[in-house]
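Input: a single structure, listed below in C-alpha cells.
Computed from a prediction, not measured in an experiment: that's the story for all the values here.
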Amino acid sequence: DAVTWAATPEGARAVEDESQVARRAGLPVDDDPRTDLPFAVRRAVTLRDQVQVDPLDLVDALRAELADAGGTVLEGVRVTGASLRPPYRVRTTAGEVHAGHVVLATQTPVLDRSAHFARLRAVRSHARAYTVPDGPTLPRSMSLSLDPSASRSLRTSPDPVTGGELLLVGGEGHEVGRASSERGHEDRLERWTQEWFPGA
C-alpha cells in the first residue's frame with residue numbers, strides 16, 4: 001500500500017488535497033487515518049496494492065532490454081552539444097554520435113539553449129537503511145509524509161546480507177547549499193528513527 005500521511009495541520013491539508021486530486025483522477029483511495037505506522041497520524045490517504053520497485057533492478061532490466069534490441073550503453077561520457085535538425089549529430093567527450101532521434105532524459109537539461117537551468121532548484125534529501133531488532137513491527141506500506149517541516153519516507157527492502165528486511169528511512173529534504181549543517185539533517189533523521197524504531 002502507498003500511504004501519504006501527515007502529523008501536522010499544514011501537512012493534513014496537503015494530504016486532503018492529494019486525496020481530492022486522486023479521487024478526481026478516479027483512483028480508489030482510502031481516507032482511513034489508521035495505518036500500519038508505529039505512530040498516530042492526523043490524516044492519511046492510502047492507495048492499495050501498489051508495486052514497490054528497486055530502481056537499480058529497474059535500470060538493470062532496462063539496460064538488458066536495450067542490449068537485446070541492439071543498443072549500447074555508454075557510461076562516463078558527457079554530452080557537450082547537439083545539432084538542431086536531423087540527422088542529429090551529438091558531440092560527446094568520447095566522440096560524435098549520429099542519430100535519427102535524440103531523447104534528453106536528464107532531470108536537468110544538458111543542452112540548455114533557453115536557460116531552463118536558471119529556473120531549477122536543486123534539492124537534496126537524506127536516506128538511511130536500518131536493521132530493526134525484534135520489537136517494533138516494520139510497516140508493510142510505502143509511506144510518505146507531507147509535513148513541510150519534517151518530511152519522512154518509510155519502506156522496506158530485502159537485506160542482501162541477512163536475507164531479512166531493511167527499513168529504509170528518508171527525509172530531511174532541503175535546498176542544496178542552504179543547510180547550516182548536513183550533519184544536523186542526518187542527526188535529526190537518526191533521532192526520529194530511534195524514537196519510533198528503538199535499536200534500529
Side-chain angles (χ1 to χ4, degrees), residues 1-22 24-25 27 29 33 35 37-47 50-59 62 75-82 92-93 102-130 139 141-157 166-197 200:
D1 295 343
V3 177
T4 304
W5 59 275
T8 65
E10 301 83 12
R13 285 191 288 277
V15 172
E16 173 61 26
D17 291 345
E18 181 166 314
S19 175
Q20 289 179 14
V21 169
R24 281 197 300 270
L27 297 173
V29 293
T35 68
L37 301 171
F39 44 82
V41 301
R42 185 178 291 262
R43 186 114 170 91
V45 62
T46 301
L47 184 58
Q50 299 304 293
V51 65
Q52 180 170 298
V53 176
D54 181 325
L56 295 179
D57 289 345
L58 177 61
V59 169
L62 290 172
E75 295 183 73
V77 176
R78 183 179 173 94
V79 172
T80 60
T92 78
T93 54
V102 174
V103 177
L104 293 177
T106 57
Q107 291 182 340
T108 301
V110 295
L111 302 174
D112 195 0
R113 295 179 175 98
S114 57
H116 281 87
F117 74 89
R119 298 182 201 123
L120 297 177
R121 190 175 136 244
V123 177
R124 178 179 187 187
S125 189
H126 299 257
R128 300 175 79 119
Y130 293 90
S141 61
M142 300 176 290
S143 72
L144 176 67
S145 77
L146 293 187
D147 291 322
S149 59
S151 65
R152 296 288 180 260
S153 170
L154 293 171
R155 65 182 57 213
T156 58
S157 178
L166 294 170
L167 174 67
L168 304 182
V169 181
E172 290 296 314
H174 61 279
E175 194 166 348
V176 173
R178 303 290 172 129
S180 59
S181 166
E182 292 294 328
R183 182 80 230 168
H185 288 288
E186 289 288 330
D187 291 344
R188 281 189 292 278
L189 200 59
E190 174 68 16
R191 282 193 303 273
W192 185 89
T193 302
Q194 291 305 321
E195 178 181 358
W196 298 109
F197 301 93

Beyond-backbone contact of [X] with [Y], side-chain heavy atoms, under 4.5 angstrom:
{"X": "Glu172", "Y": "Glu186", "result": "no"}
{"X": "Asp147", "Y": "Trp5", "result": "yes"}
{"X": "Arg128", "Y": "Thr193", "result": "no"}
{"X": "Leu154", "Y": "Val169", "result": "yes"}
{"X": "Ser143", "Y": "Leu37", "result": "yes"}
{"X": "Thr8", "Y": "Ser145", "result": "no"}
{"X": "Gln52", "Y": "Thr156", "result": "yes"}
{"X": "Glu190", "Y": "Asp187", "result": "no"}

Query raised in the report: Is Ser141 reaching over with its side chain to a backbone N or O of Asp1, donor-acceptor style, under 3.5 angstrom?
Result: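 No: the side chain of Ser141 does not pair with the backbone of Asp1.
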Requested in this report: Keeping the roles fixed (side chain from Thr92, backbone from Arg78), state whether a donor-acceptor pair exists under 3.5 Å.
Outcome: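 It does not hold such a pair.
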Query raised in the report: If you measure from CE on Met142 to OG1 on Thr46, what distance do you get to the nearest 0.5 Å?
Result: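 The OG1 atom of Thr46 is 10.5 Å from CE of Met142, to the nearest 0.5 Å.
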Requested in this report: Measure the spacing between OG1 of Thr4 and CG of Asp17 and express it to the nearest 0.5 Å.
Outcome: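 So the gap between those two atoms works out to 12.0 Å.
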For [X] and [Y], which heavy atoms make the closest approach, and how far apart are they?
{"X": "Ser153", "Y": "Leu144", "result": "CB-CD1, 4.1 Å"}
{"X": "Pro33", "Y": "Ala44", "result": "CA-CB, 4.1 Å"}
{"X": "Ala6", "Y": "Gly11", "result": "CB-C, 3.1 Å"}
{"X": "Gln50", "Y": "Ala2", "result": "CG-CB, 3.9 Å"}
{"X": "Leu189", "Y": "Gly171", "result": "CD1-N, 4.1 Å"}
{"X": "Ser181", "Y": "Gly184", "result": "OG-N, 2.8 Å"}

Report task. Identify whether the distance between the nearest side-chain nitrogen and carboxylate oxygen of Glu175 and Arg124 falls below 4.0 Å. Result ->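 Judged by the 4.0 Å cut-off on N to carboxylate O distance, Glu175 and Arg124 do not form a salt bridge.
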Query raised in the report: Would you call the rings of His126 and His185 parallel, tilted or perpendicular, where under 30° means parallel and over 60° means perpendicular?
Result: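 The rings of His126 and His185 lie parallel, inter-plane angle below 30°.
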